[in-house]
Amino acid sequence: MDMRAVAEALVAGEHVSTWDLRDAGPDDFPELREIRRTGDQALRNAARTLLFALGGPEALGEDDLSLFRRLIRSKIAVEVPVAMESCEFWYAIPTTDQAAVLDAFGLSGPEPVTMSLGTEIWRQHYLGPGHQRCARVYVSPALDGWTLIFGSPSDDQHPADVTDESSWSTEPREHYLAMLANEKVWRGVLRERCVALSRRFGEAHHYFRSYGDSTTSWCIAENGELVRFYDVSAPEESVGELAAEHGYLLPHEDTPLPKGWADDIEHTDNPLDWQREWVRRYRRLKAELGIPDHCDAETIAEALSVHPGKVGPHTRVEGHGVIALTGCGRRYGHPRTLLRGITYTPAPERPSLLDEDRT
């Protein structure tokens with residue numbers, strides 16, 4: 001692959017993604033290191049970005065890696081926590097013993113990172129093929145006494161009872177049933193993992209909150225016992241209940257509004273008119289009838305441990321975060337991560353087209 005052309009595209013501000021690098025690999029390292037030696041400043045920076053993208057920290061070479069680590073150490077010393085956006089799923093363990101967490105999750109090769117860099121790396125874990133999702137984990141510093149782990153052990157990603165999608169029937173219903181069967185296996189693996197972690201640490205939580213749909217789940221174990229499990233996709237598998245859920249509707253529960261409450265909303269040429277009126281009326285009726293909100297994983301995490309989306313200057317931080325390799329990472333290498341910088345700033349909240357206060 002012509003890595004000089006890719007580096008020039010980065011310098012020019014063109015869109016380059018990890019998918020564009022799918023044909024690149026270790027054979028391209030010599031060309032990138034030559035650019036690091038002979039290119040101008042902008043090209044050298046782009047080559048460093050590409051080396052990290054293709055091979056992780058180790059691919060940078062001794063000098064660049066030493067410089068990178070010094071820079072990270074200096075930034076860790078003065079970093080102010082920022083909220084993590086789109087976390088998707090994470091474990092929460094009430095410990096400040098990072099070494100014990102790494103051991104419990106089967107992680108190795110920890111590389112210190114700032115919270116900003118760890119967040120940015122985690123946000124890209126799904127941007128690629130193969131083992132991109134399961135090769136690397138971000139482990140936070142202790143946040144108000146809780147260590148957050150973004151990712152899972154490799155064994156949990158590839159349980160023996162999960163069937164490969166390539167073996168599924170092409171008939172839609174059979175395909176759907178095979179997918180549901182896999183999801184049930186993963187739910188069981190998750191419960192077992194939380195229970196095992198709670199034997200070691202006294203308590204272990206797992207939270208999932210999809211940002212593509214309404215899927216959400218939480219799992220709480222204490223002292224080797226499953227205290228609570230809830231998944232909106234399988235409420236029939238629920239175990240226990242939590243005081244933190246009181247005063248909320250569970251995600252699968254319907255909002256008890258009067259029958260036909262939205263039937264007379266007028267349809268116009270602009271579909272947003274109907275949607276906005278639906279939202280306005282929904283909010284007004286909920287307030288008038290005293291109907292509670294629905295809870296989700298973030299609601300429970302905020303009540304019981306730490307909500308990553310609400311980490312900030314008020315959060316007590318002990319130690320520093322690391323990225324570390326899972327078994328898949330040790331076997332297949334670092335996943336592709338195209339970093340344009342080593343800082344992360346949450347995007348401003350985008351106005352909703354359906355919000356009556358912003359339309």
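Heavy-atom basis, side chains included; hydrogens, waters and symmetry copies ignored. No experiment lies behind these values; they were computed from the predicted model shown.
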Quiz item: Going through the checks in order, is the ring-ring contact (aromatic ring centres under 6.0 Å, His included) test met by Trp90 and Tyr207?
Solution: CA-CA 6 Å; Trp90 68 96; Tyr207 300 101; 5.4 Å; yes

Quiz prompt | Pi-cation contact, Tyr211 with Arg209 (under 6.0 Å, within 45°) | solution = yes

Quiz item: Between Tyr230 and Thr216, is any side-chain donor less than 3.5 angstrom from a side-chain acceptor?
Solution: no

Quiz item: Going by atom types only, do Ser108 and Arg330 share a side-chain donor-acceptor pair under 3.5 Å?
Solution: yes

Can you confirm whether more than 12 heavy atoms, excluding those of [X], are under 6.0 Å from its [atom1] atom?
{"X": "Lys184", "atom1": "NZ", "value": "no"}
{"X": "Glu62", "atom1": "CD", "value": "no"}
{"X": "Glu183", "atom1": "CD", "value": "yes"}

Quiz prompt | Residue of the set Trp146, Tyr91, Trp218 for which ring-ring contact (aromatic ring centres under 6.0 Å, His included) holds with His205 | solution = Trp146

Quiz prompt | Near-ring test Phe52/His334, centroid separation under 6.0 angstrom | solution = no

Exercise. Using the side chain to side chain donor-acceptor pair (under 3.5 Å) rule, take Asp296 and Thr299 through it: C-alpha gap first, then chi angles, then the decisive distance, then the call.
Key: CA-CA 5 Å; Asp296 61 21; Thr299 314; 3.1 Å; yes

Practice problem: Determine, stepwise, if the pair Phe89 / Phe150 fulfils ring-ring contact (aromatic ring centres under 6.0 Å, His included). | Solution: CA-CA 7 Å; Phe89 66 92; Phe150 298 89; 8.5 Å; no

Quiz item: Would you say Thr337's side chain and Ile121's backbone share a donor-acceptor pair under 3.5 angstrom?
Solution: no

Quiz item: Any donor and acceptor pair, going by atom type alone, linking the side chain of Glu79 with main-chain N or O of Met115 inside 3.5 Å?
Solution: yes

Quiz item: Under the criterion salt bridge (charged side-chain N to carboxylate O under 4.0 Å, His left out), which of Arg73, Arg69, Arg136 is the partner of Glu111?
Solution: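 Testing Glu111 for a salt bridge (charged side-chain N to carboxylate O under 4.0 Å, His left out) against Arg73, Arg69, Arg136 leaves exactly one candidate, Arg69.
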
Quiz item: Run the side chain to side chain donor-acceptor pair (under 3.5 Å) check on Ser210 and Asp213 step by step: do they pass?
Solution: CA-CA 6 Å; Ser210 171; Asp213 55 31; 3.0 Å; yes

Self-check item: Test side-chain contact (heavy atoms from CB on, under 4.5 Å) applied to Arg199 and Asn223, step by step
Solution: CA-CA 5 Å; Arg199 292 192 187 101; Asn223 300 315; over 6 Å; no

Quiz item: Can you list the steps and then say if Arg193 with His206 is a side chain to side chain donor-acceptor pair (under 3.5 Å)?
Solution: CA-CA 9 Å; Arg193 176 64 62 182; His206 183 276; over 6 Å; no

